[in-house]
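Working notes, beginning with the structure itself.
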There are 2 protein chains.
Amino acid sequence: MYKEKEQEPVALYDFYQQKDKMYVATDCIIFGFDSGSLKLLTFKRRVEPLKGEWSLIGSFVKLEEDVSSAAKRVLEEITGLTNVFMEELKTYGVADRDPGYRCISIGQYALIRLNEYDKELVEQHGAVWHDVNDLPELVLDHRQMVDDALEELKRKARYRPIGFELLPEKFTIPQLQSLYEAIYQKELDSRNFRKKVMSHNVLIKLDEKDKSSSKRGAYLYKFDHDTYEKLIRSGYNFEI
Amino acid sequence: MYKEKEQEPVALYDFYQQKDKMYVATDCIIFGFDSGSLKLLTFKRRVEPLKGEWSLIGSFVKLEEDVSSAAKRVLEEITGLTNVFMEELKTYGVADRDPGYRCISIGQYALIRLNEYDKELVEQHGAVWHDVNDLPELVLDHRQMVDDALEELKRKARYRPIGFELLPEKFTIPQLQSLYEAIYQKELDSRNFRKKVMSHNVLIKLDEKDKSSSKRGAYLYKFDHDTYEKLIRSGYNFEI
DNA sequence: GCAAAAGTGTTTGACATACACCCATGC
DNA sequence: GCATGGGTGTATGTCAAACACTTTTGC
């Protein structure tokens, strides 16, 4: 509907025309999980200002595009993934946050499985995974976005099964525990953790074992989305 | 910094210039509490499109203005209040949400005390309080914003003492309970409620009674911000 | 003296926490 | 046979939920 790019499109009503327009961006805080710690996808900024510095992956929102679609577009361009867990974090709207020109940014965080994304594509875009506990300096307010996202993740993980978005389809209980330890930044008791997780009856035990981290091997499980949905609809209070 | 209104300001870098600019608005979901129920401040829209219909109170964000400042400005213009509790809700960024022109809006909700705002000013602006359980139809996605804000209020009220922002400085325990019942939309047991609230030691009992709703009268209390801050800083888990 | 709201304690069950040992296997 | 991580059960304390009667006072 707002197609013309050469000539500036015109607002339909006088009232709007006197008002200021500005750039609207979206920045993606993309998390992964591996080897016991959370990872963040960053890349080297390719445009002035601040060219060459570490940055989150973002884009300007186009006139004909939803804000959430813009973030999904960016994520797909870089990782090849669609149908990824992604939620709005908050808006970064301080007037002078971007030295280039007035630009607000809507932070959106995504959780992806490190065994599923397109590694070549990521490389082509110069994107790099960093351990969240060992991040380089990031441009603008991007570090704040990451910190906010980690806080939000901590809050959300408690009452919603978003942790599973970060693990492979098949995972072991020790892996799951290690993930929650990374999110909550504290050690958990394995007996209590297992008890609580199992009590919800949303894990399907498989006949396979994962022997990559022990001789005995740990049983693999899958998250049972259907049962979870049913529970939630009936008012169940899910908590990990 | 971005002052010129007649001539469109120019972005400093080529990269920006090819991108789309759009209007950024903020809409305020302003809640009050009285007579056992939550109220929402709405007004009749004065500009096309949708002139004359019920709407939230909002404004376009100016180039030199923070998004949060814009919301505070609107709130002060209409109620005369500053230093009001206000937080970002979320961004409404669907491409065709505003028929006038591409415009995203950042919803921000505010909690105010109905005994403190400037009633004349509110009237001058044609603003009207509605019971949230009996709202008229609102323009655009404003009804969605209200519903989202009510959800958020329910979540936030549990772990943060934001309820007190809606009551007069001095309030009774039954008033406080009635407020929480309105927020949670469910009745609470008065013995358990009082026990829990008092257990935090953040209420200061006054020597006055409020007799407006009973012959016996109920003691008035004040919220003890200082003690609350100390508790929180020391990691206390506040919950109502 | 009675209606109407304010104020007060105890019991119960559910759940979070703390805690230590055996199991299976590859080397 | 031993080192390594996987897997299990019980006891204790804390806290939320349920529940009913007395107090005060204006009329």
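Computed over heavy atoms, backbone and side chain alike; hydrogens, waters and symmetry mates excluded. Note on naming: letters A, B, ... go to the chains in the order of the sequence lines (proteins, then strands), and numbering restarts at 1 for each one.
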Subject >> Results of ring-ring contact (aromatic ring centres under 6.0 Å, His included) for B:H225 - residues two or more places apart only >> reply: B:F223
Subject >> Which residues share a side-chain hydrogen bond (donor to acceptor under 3.5 Å, both in side chains) with B:E152, sequence neighbours left out >> reply: B:R155, B:K156
**OP:** Would you mind reading off the distance between A:Y184 atom OH and C:dA16 atom P, rounded to a whole angstrom?
**Re:** 12 Å
Subject >> First and last nucleotide of DNA chain D, 5' to 3', lying under 4.0 Å from heavy atoms of chain B >> reply: D:dA17 to D:dG26
Original post:
Who pairs with B:Q124 by side-chain contact (heavy atoms from CB on, under 4.5 Å), at least two apart in sequence or on another chain?
Top reply: B:E120, B:L121
Original post:
Angle, rounded to 10°, between the helical axes spanning five pairs at each terminus of the helix from C:dG1-D:dC27 to C:dC27-D:dG1?
Top reply: 0°
**OP:** Sequence neighbours left out, what passes side-chain hydrogen bond (donor to acceptor under 3.5 Å, both in side chains) with A:D147? Give chain and number order.
**Re:** A:R143
Contacts table for residues 158-166 of chain A: side-chain donor-acceptor under 3.5 angstrom, sequence neighbours left out:
{"from": "A:R160", "atom 1": "NH1", "to": "A:E87", "atom 2": "OE2", "distance (Å)": "3.2"}
{"from": "A:R160", "atom 1": "NH2", "to": "A:E87", "atom 2": "OE2", "distance (Å)": "2.7"}

**OP:** Measure the distance from CG on A:N237 to P on C:dC15 and round it to the nearest whole Å.
**Re:** 10 Å
Taking only distance into account, with no hydrogens and no angle test, what donor-acceptor pairs under 3.5 Å do side-chain atoms of residues 71-79 of chain B form with protein atoms, sequence neighbours excluded?
{"from": "B:R73", "atom 1": "NE", "to": "B:E65", "atom 2": "OE2", "distance (Å)": "2.5"}
{"from": "B:R73", "atom 1": "NH1", "to": "B:S59", "atom 2": "OG", "distance (Å)": "3.3"}
{"from": "B:R73", "atom 1": "NH2", "to": "B:S59", "atom 2": "OG", "distance (Å)": "3.0"}
{"from": "B:R73", "atom 1": "NH2", "to": "B:F60", "atom 2": "O", "distance (Å)": "3.2"}
{"from": "B:R73", "atom 1": "NH2", "to": "B:E65", "atom 2": "OE1", "distance (Å)": "3.0"}
{"from": "B:R73", "atom 1": "NH2", "to": "B:E65", "atom 2": "OE2", "distance (Å)": "3.3"}
{"from": "B:T79", "atom 1": "OG1", "to": "B:L75", "atom 2": "O", "distance (Å)": "2.7"}
{"from": "B:T79", "atom 1": "OG1", "to": "B:L81", "atom 2": "N", "distance (Å)": "3.1"}

Original post:
Are A:K209 and A:Y219 in a cation-pi contact, defined as NZ or CZ under 6.0 Å from the six-membered ring centre and within 45° of the axis?
Top reply: yes
Subject >> Protein-to-nucleotide contact annotation, 5' to 3' order, nucleotides 3-11 of chain C [B base; S sugar-phosphate only; - none; under 4.0 Å, heavy atom] >> reply: B-SBSBBB-
Original post:
Listed by chain and number, what are the side-chain hydrogen bond (donor to acceptor under 3.5 Å, both in side chains) partners of B:S37, not counting sequence neighbours?
Top reply: B:K39, B:D131
Please output the side-chain donor-acceptor pairs of residues 188-197 of chain A that fall under 3.5 Å, not counting sequence neighbours, one pair per line with the distance.
{"from": "A:D189", "atom 1": "OD1", "to": "A:R191", "atom 2": "N", "distance (Å)": "3.0"}
{"from": "A:D189", "atom 1": "OD1", "to": "A:N192", "atom 2": "N", "distance (Å)": "3.0"}
{"from": "A:D189", "atom 1": "OD2", "to": "A:R191", "atom 2": "NH2", "distance (Å)": "3.4"}
{"from": "A:N192", "atom 1": "OD1", "to": "A:K195", "atom 2": "NZ", "distance (Å)": "3.2"}

**OP:** Return the set of residues passing side-chain hydrogen bond (donor to acceptor under 3.5 Å, both in side chains) with A:Y228 (not counting sequence neighbours), or none when no residue passes.
**Re:** none
